[in-house]
Amino acid sequence: MSSSITIQPNLLIERVLTIEIVRVTERAAVSAARLRGHGKSKDSDQAAVDAMRRELNKLPIDGTVVIGEGEMDEAPMLFIGEKVGNKTGPKVDIAVDPLEGTTLCAKNMPGAIATLAMADAGTLLHAPDCYMDKIAIGPGYPKGTVDLDAPPEENILNLAKAKGVKPSEITAILLDRPRHADIIAAIRKVGAAVALISDGDVAGVIHCAEAKTGIDIYLGLGGAPEGVLSAAALRCIGGQMQTRLIIDTEELHARILTMGIKDPKKKYEIEDMVRGDCLFAATGVTTGPMLRGVHFGKDMIETETVVMRSVTGTVRRIVAEHREFGKFHLD
Ligand code: VTB
């Protein structure tokens with residue numbers, strides 16, 4: 001007796017794209033890594049952008065960059081609204097950060113990554129390149145355990161209670177910025193620990209959902225593009241996140257109107273930032289808690305990538321040995 005499995009074309013292409021996007025972040029990471037530690041953050045960013053764009057244009061998608069490297073007039077590549085892909089496949093929204101942590105890469109410090117998220121057209125939040133207030137925790141907690149509008153102390157105490165530990169056993173991660181002085185003081189006042197990062201808050205948010213990192217909660221203001229990317233990752237692996245754009249200039253007010261955002265003070269849940277299923281991938285540029293950085297071997301280049309798919313919640317870690325472009329160290 002023969003059995004047959006019908007795979008819907010859209011589902012199949014979406015599964016295939018899971019592996020295809022790995023190629024995109026891998027190439028961006030390798031290009032950026034060539035300039036690791038050179039002190040030139042703009043150059044390594046541009047190298048990552050160029051590589052990511054080249055690879056995206058090979059994919060069977062009809063894609064639009066909705067979170068990108070700035071606006072059309074100021075960024076030559078992967079600007080918001082740029083069309084990518086070979087137009088043979090599904091219409092998709094793409095959020096990119098070809099080099100998240102340009103300073104980390106320039107200084108060869110831990111945690112620089114190349115990252116992107118992909119979802120059906122019209123389902124990713126079109127956010128401008130502004131600040132975003134964020135709170136995130138990992139999976140397994142009742143909805144509403146923390147709230148963006150509650151004081152940090154209250155969030156820490158509620159989270160400790162939900163986790164069944166003392167507040168002193170909670171660790172909060174924040175970007176190390178003067179603007180976070182009050183939040184840091186409030187967290188420490190209730191006895192919780194603070195972990196400070198100099199850059200890289202996409203990984204910062206994801207750490208909340210990775211038990212091995214020991215991070216329980218992300219708090220504070222980071223980039224809005226990074227916020228949408230981390231929301232995509234949490235949509236895949238679980239966790240809670242609330243955000244609000246910081247629209248504090250006339251220019252930003254005008255800009256968000258053109259992006260379809262009517263309420264500048266709207267509090268976003270993950271489902272508002274990523275309104276359907278998505279794919280997320282990140283490749284390490286410099287070694288950090290989440291990913292190993294690019295390793296240049298004698299005749300090959302090794303990369304580590306994490307790729308996630310929200311339909312199934314599958315997380316794959318792909319360690320790749322690139323011989324074709326490792327051999328001559330070309331890419
Ligand atoms: C974060 C971080 C980035 O910008 O989004 C941060 O993830 C926010 O802006 O790596 P400020 O640096 O102004 O605080 C980065 O540090 C750099 O893009």
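Each ligand, and each atom within it, is numbered from 1 in the order the structure gives.
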Do [X] and [Y] have a side chain donor and acceptor closer than 3.5 Å?
{"X": "His207", "Y": "Glu210", "result": "yes"}
{"X": "Thr283", "Y": "Thr25", "result": "yes"}
{"X": "Ser31", "Y": "Arg34", "result": "no"}
{"X": "Asp277", "Y": "Ser310", "result": "yes"}
{"X": "His322", "Y": "Thr303", "result": "yes"}

Side chain proximity check, Cys236 to Val315, heavy atoms < 4.5 angstrom: no

Close residues, ligand 1: non-hydrogen atom nearer than 4.0 Å: Glu100, Gly101, Tyr131, Leu175, Arg177, Arg179, Asp199, Gly200, Asp201, Gly222, Gly223, Glu226

